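Quick caveat, the model's predicted, so the values are computed rather than measured. To find a chain, count down the sequence lines: A is the first, B the second, and so on, and within it residues start at 1. Any value given below was found using the heavy atoms of this structure, including those in side chains, with hydrogens, waters and symmetry copies removed.
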There are 2 protein chains.
Amino acid sequence: MSVSATDIPNIKCSSCPIRHRAVCSRCEAEELDALEKIKYYKSFEAGQTIVWAGDKMDFVASVVSGVAALTQTMEDGRRQMVGLLLPSDFVGRPNRDEAAYDVTATSDVTLCCFRRKPFHKLLEDTPHVSQRLLEMTLDELDAAREWMLLLGRKTAREKIASFLSILARRGTTENNLAGLDSVEFDLPLTREAMADYLGLTLETVSRQMSALKRDGVITLSGKRHVIVPDMHILLNETGDDADGGMLV
Amino acid sequence: MSVSATDIPNIKCSSCPIRHRAVCSRCEAEELDALEKIKYYKSFEAGQTIVWAGDKMDFVASVVSGVAALTQTMEDGRRQMVGLLLPSDFVGRPNRDEAAYDVTATSDVTLCCFRRKPFHKLLEDTPHVSQRLLEMTLDELDAAREWMLLLGRKTAREKIASFLSILARRGTTENNLAGLDSVEFDLPLTREAMADYLGLTLETVSRQMSALKRDGVITLSGKRHVIVPDMHILLNETGDDADGGMLV
DNA sequence: CCCCGTCCTTGATCAAGATCAAACGGCACC
DNA sequence: GGTGCCGTTTGATCTTGATCAAGGACGGGG
């Protein structure tokens, strides 16, 4: 557990912003009550480590706000991000008490934590939760497989374009009604974290961002705010078949 | 569904070789009976496609014997394998009726298929099955994350060594009591399929196999049979921390 | 205001792996 | 016993992205 996490007061599940997408989305009143009993909120600042790989992890959690990353590090320092957790995503494995990956906050993050043991027990009793967790895990596996295609076969430019598309899709506050031409959003990651996500170096990320800007695919205001004047143009750069999975 | 799959007679679950590892591993007598009712066996020859991405898929299945692969293909033909299914692994997504990936037999394969609808229903009724499926899916997600590290950050030589280690671990008939020095096994994949797995070209795979042979890390008898005289040497080539996850 | 640190950009060079090309070995089939 | 095919090996060359190296932009603290 990180040194300087901040405990913050619980909010009611009923007024939770991620209520409709998280593990708890299918829960009915009494199930929510059970969850309320074992939950607590915790906040982390951008850059903080939430848990180190190998550490005991006595909770699982839902990301309420902000972005967290799972990364793996090799002995010689090579790093690969293997999970990017956006609001409503689930952290941790109910039946495992050691973290398998480093978990870090790439922006300020608030987690809704559930004590692990009671949560695991609850999984056995409330099929709604375990069914939802299975569904979310399968979705995550699909996302991991997209990501594998990106890592194994895409060019640097395609990787950047794909990454920006993903953020544009999930990052904007869902006001992008499929096919909206223009989208804008903030990058919740440094260039280095993007490189770790994409299997590139930070220099290559920077160069390709500049190239996409030069070519008018994106506009930058500051270093972290991205404007995509035309999503179709960006999607064309991803290497995925036109509008294939991205917009629909 | 493939053109020329072979229907073969059912065997009893009780005498099934993958009984102890598959989705059904936790089932008790009556649950097995329910499964028996909706299952049928199907065989495919090496190279055959089991389903194409986008095809209707009216079953889910366990791999009984042989090896199957999930692959994604880009418009211009670039291909990435995103799943390698060994005996006891699960194929398909219970609540999705279209295949998301091409599924092909990389060696002769026998599947134990369950009709999708009844299986999905059974998931809701028998928590043993859905719990086991969640566990298997989480394991697969972990494997996918290992794989992402491989694709994003490992050198060609490390990729090959890692791949061989994985096969050595799961491919041998579990007679390798952790840390056995010498291991041998057959490659169930062509060089091209290995390339698709590893995000390389088949030429690079071939060259690195030759290099590992030249360096005495492996011995080949024929092109498909691999002998690893000393697993520790192979593991040293994977880039993973010494004996870290592989042997223990 | 300046100093320093962090994050980012840009340039020059290098190397790993891709690409293009040829040929080999084993096997099935005539 | 050829002939042809498939999977594989090996060689020569090219390209992409890594690496090495400076310097710029921004922000916070003295």
Side-chain angles (χ1 to χ4, degrees), chain A residues 45-48 74 76-80 104-107 150-164 186-215 218-226 237 239, chain B residues 45-48 69 74 76-80 104-107 150-163 186-215 218-226 237 239:
Chain A
E45 283 173 27
Q48 267 193 293
M74 296 170 68
D76 61 3
R78 281 175 282 173
R79 289 201 306 162
Q80 177 63 51
T104 51
T106 66
S107 68
L150 177 148
L151 290 171
R153 296 303 187 190
K154 290 191 176 179
T155 65
R157 171 182 263 244
E158 286 169 344
K159 285 178 173 183
I160 300 281
S162 300
F163 176 69
L164 294 176
D186 281 312
L187 289 173
L189 278 68
T190 64
R191 297 288 186 267
E192 187 177 25
M194 286 176 65
D196 288 343
Y197 183 107
L198 299 168
L200 297 170
T201 59
L202 69 91
E203 293 95 328
T204 299
V205 170
S206 183
R207 271 186 254 274
Q208 294 299 335
M209 289 288 287
S210 300
L212 288 178
K213 189 170 68 175
R214 171 173 44 68
D215 298 344
I218 59 172
T219 310
L220 290 177
S221 96
K223 290 163 195 315
R224 294 294 193 88
H225 191 78
V226 179
E237 297 285 350
Chain B
E45 285 172 25
Q48 268 193 294
M74 297 170 69
D76 60 4
R78 280 175 283 173
R79 287 202 306 164
Q80 177 63 50
T104 51
T106 67
S107 67
L150 177 148
L151 289 171
R153 296 302 185 192
K154 290 191 176 180
T155 65
R157 169 180 265 245
E158 288 168 344
K159 285 177 175 184
I160 300 282
S162 301
F163 176 69
D186 281 312
L187 289 174
L189 277 69
T190 64
R191 298 287 185 267
E192 188 178 23
M194 286 176 64
D196 288 343
Y197 183 107
L198 298 168
L200 298 170
T201 59
L202 69 92
E203 292 95 329
T204 299
V205 170
S206 182
R207 272 186 252 273
Q208 295 298 335
M209 289 289 287
S210 301
L212 288 177
K213 190 171 65 175
R214 171 172 45 69
D215 299 345
I218 58 171
T219 310
L220 290 178
S221 96
K223 289 164 193 315
R224 294 292 192 90
H225 191 78
V226 179
E237 298 284 351

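- Residues that satisfy the ring-ring contact (aromatic ring centres under 6.0 Å, His included) test with B/Phe163, not counting sequence neighbours, are B/Tyr197.
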- Verdict with reasoning, B/Thr201 to B/Arg207, per side chain to side chain contact (heavy atoms under 4.5 Å, CB included): CA-CA 10 Å; B/Thr201 59; B/Arg207 272 186 252 273; over 6 Å; no

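- Each of A/Arg79, A/Arg78, A/Arg191 was evaluated against A/Asp196; a single residue qualifies, A/Arg79, per the side chain to side chain donor-acceptor pair (under 3.5 Å) test.
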- Query: Nucleotide by nucleotide, 5' to 3', does protein get under 4.0 Å of the base (B), only the sugar-phosphate (S), or neither (-) in nucleotides 6-19 of chain D, counting heavy atoms?
  - Reply: --SBBBB----SSB

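- Looking at B/Leu220 and B/Val226, their side chains come closer than 4.5 Å, going by heavy atoms from C-beta outward.
- For B/Arg157, the salt bridge (Lys or Arg N to Asp or Glu O under 4.0 Å) criterion is met by B/Asp215, B/Glu237, not counting sequence neighbours.
- One can place NZ of B/Lys159 at 12 Å from C1' of C/dA18, the figure rounded to the nearest angstrom.
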